[in-house]
Amino acid sequence: RSLYRPGETVHVKGIVRNQNGNDIAKAGDAKARLVVVDPTDKEILTVPVTLSDMGSFDHTFQLPAETVGAHWVRLEYPDEIAKVEASENWSEKERIMSTARFELRIRVEDFRRNAFEITHNLPQPEPGATSFSTEVSALYYQGQPVAKGKVSHNVRVSDVNLYPERFRDFLFGNHRTQDYTYWRHYFGFTWEDDNQDRSGTSLSGEAELSADGKATVRTTLPEAKLPSGREATITTEVTDANHQTLVKSSTVTIHPSSVYVGVSRLDQLVRVGDRVPLKLVAVTPDGEPYHDILPVEAAITREVNEQVKVGTQPGASAVRNEASEVPVSQSSLALDPAGNDGKGTEMIFAPTQPGLHFLTVRGADAKGRAFATVVSFHVYGSNEYPWAYEDGMRIKLVAEKQQYQPGETARVLVLSPIEGTALVTVEREKVLRTFVTKLKADKPLVEIPLGEDDAPNTYVSVDRKSVV
């Protein structure tokens, strides 16, 4: 487990495997040891480890009686670590250490049972609410209230999209940029760069518990740029007269209205002149089909990028990109409730110019509470270069979709103003294959046939130095 008291017994179990591409095999017979270090980095245990026939090991040890803080349990290969100590090459040291030491952190604390507990009474706000209230109460376990206790509270309000289980092929809310949570929620996908921080606002304050151990925290929501869902997490810290402090958090979702509109996910790159059928559905905040006719306005805009040369250091210059949006079309639709079971109401997307397009669908429910959904599409197919210039003339790649099956061909849009021959590499832990392809202004696409060996994932790189 992750938390122990001083003097307790720790049971450790480990499994060691070697990975070579997609193959995983039992580890070899290299000499290994188990090392435990205390918060001062002092070794308190070092024992040799012998792997079983299945490549596993286990060990039991007792923690020191008085030491608290972070302890580390390490599996080390001393012969490999000796190579690190003998090397002067930093990158070589990093490479060796990545497989020479594996460690697990455990906390050792002299903890005791809490003297009181905190509860939150946080009712579900009405759709379109501009504020909400949280009743905070604190009681000792003997039943007495934590009278006059000090309360510090923080409310984090973040944008959040709706992910109804029956409509995973539809996008609800703000999808102007990649929504990692969508792919993680429905498909379990994660990325190494999945550190997306949803835009949000933090609101803080203080209060005092009444004689019966209660306080009400009222939160006014900041105005939203887009009428979509928002998630509010309230964290309260209560300190009693004995200076014992406890923390509790609760989360609630504030829906913009009694209805959401979803736009069908488009797993294809769009070419100028294509007529792409999109589907629109309306659902309730519970993810159930909406049963009334719903009028909406659908607006399509296009991003326009202009480059401005600016001076930097003496004798040097850089290109600054200035983006704006221009209207393309506006239409009114009435969403048929018969299509809200998943079939949807059809809308045709027929772009006449290349570039990044946004479709924004807006409306209001029967009480006038606004909602909106926005999605984006990459459109190619003319000699115009509509995309934002990247720093240092980097090449940005846009995949047609997020998942493929063996036997399919992945199409990748290359956002580069340069025509010619490009070197394409398909990689994972090493370069799997390479090929060259022609890039043209009206068809800046790379097509990559996929096979069984490309599972579970691959990386694609386009070398701009090879574009001539």
Side-chain angles (χ1 to χ4, degrees), residues 157-191 193-200 224-231 253-257 259-270 276-285 287 290 294 296-303 323 325 327-331 333 335 340 342 344-349 351 355-363 370-380 386-388 396-403 413 415:
V157 182
S158 304
D159 298 332
V160 64
N161 291 328
L162 185 71
Y163 309 107
E165 294 303 322
R166 294 174 54 185
F167 297 88
R168 77 172 192 173
D169 294 328
F170 290 82
L171 305 178
F172 298 82
N174 191 349
H175 291 265
R176 286 182 65 92
T177 58
Q178 183 72 265
D179 179 9
Y180 291 107
T181 304
Y182 168 86
W183 294 99
R184 185 167 57 247
H185 177 87
Y186 287 117
F187 304 97
F189 291 175
T190 58
W191 287 267
D193 59 350
D194 184 359
N195 55 2
Q196 181 184 26
D197 183 19
R198 291 178 301 185
S199 60
K225 295 181 179 179
L226 188 81
S228 187
R230 288 190 285 179
E231 185 177 82
T253 299
I254 302 96
H255 301 289
S257 74
V259 60
Y260 282 82
V261 166
V263 179
S264 55
R265 190 186 72 243
L266 188 61
D267 290 335
Q268 70 179 77
L269 298 171
V270 181
V276 181
L278 302 173
K279 303 293 185 182
L280 276 63
V281 297
V283 303
T284 67
Y290 189 69
L294 184 66
V296 297
E297 295 292 322
I300 296 176
T301 57
R302 173 176 173 263
E303 184 179 87
E325 285 185 38
V328 175
S329 66
Q330 180 90 23
S331 58
L333 298 91
L335 303 191
N340 290 338
T345 299
E346 186 175 276
M347 172 187 172
I348 300 297
F349 175 51
L356 182 60
H357 288 64
F358 299 101
L359 167 62
T360 304
V361 182
R362 296 179 180 270
F371 60 82
T373 288
V374 57
V375 297
S376 63
F377 311 103
H378 286 84
V379 181
Y380 71 96
W387 318 105
K396 186 175 181 179
L397 306 179
V398 177
E400 184 171 40
K401 57 182 183 178
Q402 295 293 338
Q403 60 177 348
L413 182 63
L415 306 187

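The residues of the chain are indexed from 1 along the displayed sequence.
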Take F371 and V296, measure what side-chain contact (heavy atoms from CB on, under 4.5 Å) needs, and give me the verdict at the end. CA-CA 10 Å; F371 60 82; V296 297; 4.0 Å; yes
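- Closest non-hydrogen pair, A282 versus L294, comes out as CB-CD2, 3.8 Å.
- W183 and Q403 share no side-chain donor-acceptor pair at under 3.5 Å.
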Quick one: side chains of residues 259-267, donor-acceptor pairs under 3.5 Å with protein atoms, not counting sequence neighbours, listed by atom name and distance.
| unit_1 | atom_1 | unit_2 | atom_2 | d |
| --- | --- | --- | --- | --- |
| Y260 | OH | H255 | ND1 | 2.8 |
| S264 | OG | K279 | N | 2.9 |
| R265 | NE | D267 | OD1 | 3.0 |
| R265 | NE | D267 | OD2 | 3.3 |
| R265 | NH1 | D169 | OD1 | 3.1 |
| R265 | NH1 | Y182 | OH | 2.8 |
| R265 | NH2 | D267 | OD2 | 2.9 |

Given L415 and Y380, is the side-chain contact (heavy atoms from CB on, under 4.5 Å) satisfied, shown in steps?
CA-CA 9 Å; L415 306 187; Y380 71 96; over 6 Å; no
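- For the atom pair OG of S329 and CD1 of I348, the computed distance is 12.0 Å after rounding to the nearest 0.5 Å.
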Q.
Determine whether T181 and N161 satisfy the following criterion, side-chain contact (heavy atoms from CB on, under 4.5 Å), listing intermediate values before the conclusion.
A. CA-CA 9 Å; T181 304; N161 291 328; over 6 Å; no
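- The heavy-atom pair separating G342 from F170 by the smallest distance is O-CZ, 3.5 Å.
- Listed by chain and number, the residues in a side-chain contact (heavy atoms from CB on, under 4.5 Å) with P386 are R302, P354, E384 (sequence neighbours excluded).
- Pairing each heavy atom of L359 with each of I300, the nearest pair is CD1-CG1, 3.9 Å.
- Summarising the geometry of P164 relative to G287, their closest heavy-atom pair is CB-CA, 3.7 Å, with the distance given to 0.1 Å.
- Looking at every heavy atom in both residues, P227 comes nearest to A370 through CB-O, 3.6 Å.
- No side-chain donor-acceptor contact under 3.5 Å links N174 and D159.
- When the side-chain contact (heavy atoms from CB on, under 4.5 Å) test is applied to A299, the partners found at least two apart in sequence or on another chain are Q330.
- No donor-acceptor pair closer than 3.5 Å links the side chain of E231 to the backbone N or O of S158.
- Judged as a side-chain hydrogen bond (donor to acceptor under 3.5 Å, both in side chains), and not counting sequence neighbours, Y290 has no contacts.
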V276 vs F377, side-chain contact (heavy atoms from CB on, under 4.5 Å): CA-CA, chis, key distance, verdict
CA-CA 11 Å; V276 181; F377 311 103; over 6 Å; no
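- Taken from CG in L333 to OG1 in T345, the straight-line distance is 7.5 Å, to the nearest 0.5 Å.
- Here R166 pairs with E288 under the side-chain hydrogen bond (donor to acceptor under 3.5 Å, both in side chains) rule; sequence neighbours left out.
- A donor-acceptor pair under 3.5 Å links the side-chain atoms of H357 to the main chain of G355, judged by distance alone.
- With rounding to the nearest 0.5 Å, the separation of CG in L413 from NZ in K396 is 10.5 Å.
- Contact record, S228 with V160: OG-O, 4.1 Å, taken as the closest heavy-atom pair.
- Residue T373 holds its OG1 atom at 7.5 Å from CG of L226, rounded to the nearest 0.5 Å.
- From F349, atom CZ reaches atom CE of M347 across 8.5 Å, with rounding to the nearest 0.5 Å.
- For the atom pair L356 CG and E303 CD, the distance stands at 5.0 Å (nearest 0.5 Å).
- Judged as a salt bridge (Lys or Arg N to Asp or Glu O under 4.0 Å), and not counting sequence neighbours, the contacts of E325 are R176.
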